[in-house]
Number of protein chains: 2
Amino acid sequence: MVTTRIEQYIEAIHEIVKKKGYARVKDVSESVGVGFSAVSEMFSKLSEKGYINYEKHGWVTLTKKGEKLATKLSKRHKVLRDFFIILGIDEKVADEDACEIEHVVRKETMDRLTKFVEFVKSHEDPLWLKRFKEYYETGKLPECPRTIKKTKIQSRNN
Amino acid sequence: MVTTRIEQYIEAIHEIVKKKGYARVKDVSESVGVGFSAVSEMFSKLSEKGYINYEKHGWVTLTKKGEKLATKLSKRHKVLRDFFIILGIDEKVADEDACEIEHVVRKETMDRLTKFVEFVKSHEDPLWLKRFKEYYETGKLPECPRTIKKTKIQSRNN
DNA sequence: CCACCATTTTTGGGAAGCCAAATAGTTTTC
DNA sequence: GAAAACTATTTGGCTTCCCAAAAATGGTGG
């Protein structure tokens, strides 16, 4: 079973290795926010499950299997984060929520969301999104341009 | 601490009470997918925490506090589900994902998402959404109507 | 009214994670 | 090259949630 917790450790290791070339108990302890003993135990478990290269007192790196999982999570994180930012959510909150959701969301949903983010990003500053943000701020629904006349829009704006 | 598990039990009780007027160990056991003993223990805990009205061997209902939590979760569930369905995700998957995400997502994110769903629903069949679905199916980005001429759109469609 | 059956609770024990303290292994310093 | 300082592992024990089996409860038919 790949628990959320296992995924969180894998992500932490991935980030640390990206920066330093290897991860150690102390690094992961700080990153995940648990004590050394918890990390040490988890290293044994992750090693048994084939996610990390680990020998006692040694430097830790991800195996191919660990790398694959880390890459998947990283992609999910980015898409979720980008999506939330598109909606206008604060970056910090977007990040935190992405961090949680990436572990529970189904592949099918991620596929849609990925395409959605691509779609939105391919148009710079879409009108409908501007309208949504206006709605979010003011609570007022801008009328749909397809159902109203130009003069009406202008009179509303003046 | 309100764990995900506690929330899942509360939701199950809420649904059952809505149908039968009260919930019993057996009902919740089936709904949550755990044995009787787990439910019985959880009933004690939920009662201690003030979420349910419970006496041994009796009918269970939610307290005001439990009701409030259940209502929050139910609203979140609906918004998440609706949002996923808007994106074109299968109803069953939308439901499953909503079930997971509702326990971990932050209030701020839910507020945005709620408004977003309202926004989309207030326009029937928005053009941009039709374009997204086209993009999802075909992988082709329809050009933005603001940057191209009408004749160009027509010629593309013929 | 009482025995039976369904339901619920209790009991004993397990897995996953965590911590603090004790121990052990490295590295650095002098 | 040994003591000191740092880092990692082990150990014992905790919490939350679970299960299976045993014990208790309560409603119902005879």
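The sequence lines fix the lettering, A, B, ..., with proteins before strands; numbering per chain opens at 1. Everything quoted here is computed from the prediction, not taken from an experiment.
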Check each residue of residues 7-16 of chain A for a non-hydrogen atom within less than 4.0 Å of any atom in DNA chain C, then write out the ones that pass by number, or none.
-> A:Y9

Residue list, side-chain contact (heavy atoms from CB on, under 4.5 Å) with A:I86, at least two apart or on another chain = A:V117, A:V120, A:L129

Quick one: are A:L73 and A:H103 in side-chain contact, heavy atoms under 4.5 Å?
-> yes

Could you name each residue pair satisfying side chain to side chain donor-acceptor pair (under 3.5 Å) that touches residues 30-45 of chain A, not counting sequence neighbours?
-> none

Show me the protein contacts with nucleotides 5-7 of chain C, counting only N or O atoms at under 3.5 Å.
from: C:dT7; atom 1: OP1; to: B:K26; atom 2: NZ; distance (Å): 3.4
from: C:dT7; atom 1: O3'; to: B:R24; atom 2: NH2; distance (Å): 2.9

With sequence neighbours left out, the residues meeting side-chain contact (heavy atoms from CB on, under 4.5 Å) with B:V2 are B:I6, B:E7, B:Y51, B:L69

Pairs touching residues 9-24 of chain A that satisfy salt bridge (Lys or Arg N to Asp or Glu O under 4.0 Å), sequence neighbours left out | A:E15-A:K18, A:K20-A:D27

Set of residues satisfying side-chain contact (heavy atoms from CB on, under 4.5 Å) with respect to A:S122, sequence neighbours excluded = B:L141

Do any pairs count as a side chain to side chain donor-acceptor pair (under 3.5 Å) and have a residue in residues 72-86 of chain B, sequence neighbours left out, and if so which ones?
-> B:H77-B:D95, B:H77-B:E102, B:K78-B:D82, B:R81-B:E91, B:R81-B:D95, B:D82-B:K121

When you measure from every atom of DNA chain C, which of residues 37-54 of chain A have a heavy atom less than 4.0 Å away?
-> A:S37, A:A38, A:E41, A:K45

Linking Ile, Leu, Val, Met, Phe, Trp and Tyr by side-chain heavy atoms under 4.5 Å, what else ends up with B:M1?
-> none

For B:F43, ring pair (Phe, Tyr, Trp, His ring centres under 6.0 Å) partners two or more places apart | B:Y54

At under 4.0 Å, does any side-chain N or O of A:K56 touch on OP1 or OP2 of D:dT10?
-> yes

Residue pairs fulfilling side chain to side chain donor-acceptor pair (under 3.5 Å) with at least one residue in residues 106-119 of chain A, sequence neighbours excluded = A:R106-B:E96, A:R106-B:D97, A:K107-A:D111, A:T109-B:D97, A:E118-B:Y135

Once you round it to whole Å, what is the distance between P of D:dC18 and CD1 of B:I6?
-> 10 Å

